[in-house]
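Inspection log for the structure reproduced underneath, given as structure tokens.
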Amino acid sequence: MDNNYILERDKIIATAIELLDTEGMSSVTFKNLAKKLNMTEMMLYRYFGSLDEIMVEVVNTFTKLDDRIIASVEAMEISHLDKIQEYLKLARTDYTDYGDFAILILNFEDFLHNTRTRDQINIAIQKRVDFGKKEFEAAIKENEIVDYFTAEELSNIFFGCLWQDMLNRRVWVDDREDGEVKVTMISKLAKVLKKNPDQEVREQFMN
């Protein structure tokens, strides 16, 4: 396949993500894409047969990013709880570096209403949940952490924090220095969950 053809398709996908990020789902139209790309709508049809095809590729772009993060973490020789924390750290970094991607998650419900992208979104979310459950189940089984919560509950709690973090950064501009040390909910939870944590910390959390 012609490299120029692939590059043009990638440019269209990137522009669709940009429109989705800055103006919302309703702004992603052939007319707006053509205007942003300085081409005619007819030229767009050389690369995509419909708007649905573009949205499928937009979702694919996100899922590939998430798959890469999970694969990187799974290859690390660290504890299961540390893998969860590392995933959250890498995901937060990627969504900071590629801010447009965060909006895909925050607008996932719109993608669920599209029959072409519904299955993709469900698969992407399920992959993340399965990864979390697997690591938490192993952490509990290998006595890395206490079993206050089930693996599924822990997965929902930890990944819910990532979701909220992305939402916060969409609403408020975080102007703190990158090197600022801060105590997060995730680090607190991880400390409490570890076997033989500081008794005072555990009691404060449980009370």
Side-chain angles (χ1 to χ4, degrees), residues 17 58-109 111-112 117 119-170 174 176-206:
I17 293 173
V58 165
V59 176
N60 279 339
T61 302
F62 159 68
T63 56
K64 287 175 184 176
L65 174 66
D66 214 45
D67 287 347
R68 192 186 77 229
I69 297 172
I70 290 175
S72 297
V73 171
E74 287 182 328
M76 295 178 179
E77 296 184 1
I78 55 179
S79 73
H80 299 291
L81 182 58
D82 285 342
K83 284 185 179 182
I84 295 292
Q85 293 188 87
E86 193 64 29
Y87 170 87
L88 295 173
K89 185 192 302 180
L90 290 174
R92 192 184 196 283
T93 299
D94 272 0
Y95 291 131
T96 298
D97 292 343
Y98 307 102
D100 294 347
F101 289 118
I103 201 64
L104 300 185
I105 301 176
L106 299 176
N107 283 280
F108 83 97
E109 191 168 337
F111 288 104
L112 288 176
T117 58
D119 288 344
Q120 290 173 286
I121 288 292
N122 285 334
I123 289 170
I125 292 174
Q126 193 59 52
K127 277 184 181 179
R128 180 182 292 180
V129 170
D130 288 346
F131 162 72
K133 286 174 63 177
K134 180 189 73 173
E135 296 301 335
F136 279 121
E137 283 171 357
I140 293 170
K141 183 178 180 180
E142 297 176 19
N143 292 316
E144 283 182 19
I145 60 176
V146 291
D147 57 354
Y148 290 144
F149 304 97
T150 65
E152 184 172 4
E153 288 171 337
L154 288 171
S155 184
N156 289 335
I157 291 168
F158 276 67
F159 291 145
C161 288
L162 174 64
W163 195 291
Q164 187 61 45
D165 179 61
M166 287 187 294
L167 178 60
N168 288 346
R169 285 185 288 121
R170 294 290 299 181
D174 190 347
R176 292 171 296 189
E177 295 181 7
D178 292 338
E180 180 182 353
V181 177
K182 59 182 181 177
V183 178
T184 65
M185 181 179 177
I186 293 297
S187 62
K188 287 179 180 179
L189 280 171
K191 188 173 182 179
V192 170
L193 289 169
K194 287 181 180 178
K195 278 291 185 179
N196 300 316
D198 181 88
Q199 188 64 31
E200 184 180 350
V201 174
R202 179 187 290 184
E203 289 175 356
Q204 287 176 356
F205 178 78
M206 295 307 291

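We find the OG1-CD1 distance between Thr117 and Ile123 to be 11.5 Å, quoted to the nearest 0.5 Å. In this structure, CD1 in Ile125 is found 12.0 Å from CZ in Phe159, a value given to the nearest 0.5 Å. With values rounded to the nearest 0.5 angstrom, Asp147 atom CG is found 11.0 Å from Glu153 atom CD.
Among residues two or more places apart in sequence or in another chain, the side-chain hydrogen bond (donor to acceptor under 3.5 Å, both in side chains) test is passed with Lys127 by Asp67. Residues satisfying the side-chain hydrogen bond (donor to acceptor under 3.5 Å, both in side chains) test with Asn156, not counting sequence neighbours, are none.
Thr63 and Gln120 make their closest contact through CG2-O, 4.3 Å (heavy atoms, listed as atom of the first residue, atom of the second, distance). Of all heavy-atom pairs spanning Gly132 and Ile84, the tightest one is CA-CD1, 3.8 Å. Here the closest non-hydrogen pair linking Met76 and Leu90 is CE-CD1, 4.2 Å. For the residue pair Ile69 and Ala91, the shortest heavy atom distance occurs at CD1-CA, 3.8 Å. Here the closest heavy-atom approach between residue Val192 and residue Val146 is recorded as O-CG2, 4.1 Å. Between Ala151 and Ile140, the shortest heavy-atom contact is N-CD1, 4.2 Å.
With contacts defined as side-chain heavy-atom distances shorter than 4.5 Å, the pair Leu154/Leu193 qualifies.
For residues 131-140, the pairs satisfying salt bridge (charged side-chain N to carboxylate O under 4.0 Å, His left out) are Glu74-Lys134, with sequence neighbours left out.
Using cut-offs of 30° and 60° for the angle between ring planes, the Tyr87 and Phe131 rings count as tilted.
Ionic pairing of Lys89 and Glu86 is present here: one or more N-O contacts between side-chain nitrogen and carboxylate oxygen are shorter than 4.0 angstrom.
No donor-acceptor pair closer than 3.5 Å links the side chain of Gln85 to the backbone N or O of Ala190.
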